[in-house]
Amino acid sequence: MPRRPRTPPPPAPFAERVRIETEPAYRARYYPGLDAAIAQRGRWRSAEVEALVRRLRSPP
């Protein structure tokens, strides 16, 4: 019976992050997008918290 070719092992969980942090060209390419995504997520969370506070403070 012929052997099946071995599949490569899956990449380490944070391999892409390590690459982004260690390679200057990759870092320059991805950090602006990551920063923008983090800032957007913060704005969404702030808006959600503010909406919840308004809802809790409004009379029943």
Side-chain angles (χ1 to χ4, degrees):
M1 177 179 224
R3 294 181 117 191
R4 287 187 304 153
R6 292 184 92 174
T7 58
F14 298 105
E16 189 68 12
R17 180 177 174 192
V18 169
R19 183 174 179 195
I20 289 170
E21 291 177 350
T22 57
E23 292 185 19
Y26 233 59
R27 185 182 182 108
R29 180 176 175 191
Y30 285 102
Y31 264 114
L34 292 172
D35 288 343
I38 291 168
Q40 180 63 42
R41 185 175 58 198
R43 288 190 292 272
W44 287 338
R45 287 184 178 169
S46 294
E48 289 173 352
V49 169
E50 289 172 9
L52 179 62
V53 167
R54 280 194 303 273
R55 195 172 89 208
L56 293 173
R57 288 185 177 165
S58 66

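For the single chain, residues carry numbers from 1 onward in sequence order. If you're wondering where the values come from, they're calculated on a predicted model, not measured in any experiment. All values below were derived from every heavy atom in this structure, side-chain atoms included, with hydrogens, water molecules and symmetry-related copies excluded.
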Salt bridge (charged side-chain N to carboxylate O under 4.0 Å, His left out) partners of Glu23, counting only residues at least two apart:
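Salt bridge (charged side-chain N to carboxylate O under 4.0 Å, His left out) list for Glu23, sorted by chain: Arg19.
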
Arg27: what forms a side chain to side chain donor-acceptor pair (under 3.5 Å) with it, not counting sequence neighbours?
none

Quick one: list whatever passes side chain to side chain contact (heavy atoms under 4.5 Å, CB included) with Arg43, sequence neighbours left out.
Ala39, Gln40

Which residues pass the side chain to side chain contact (heavy atoms under 4.5 Å, CB included) test with Arg41, not counting sequence neighbours?
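Ile38, Arg45.
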
Tell me which donor-acceptor pairs under 3.5 Å the side chains of residues 28-37 have, and how far apart each pair is, sequence neighbours excluded?
none

Pairs satisfying side chain to side chain donor-acceptor pair (under 3.5 Å), at least one member in residues 47-60, at least two apart:
none

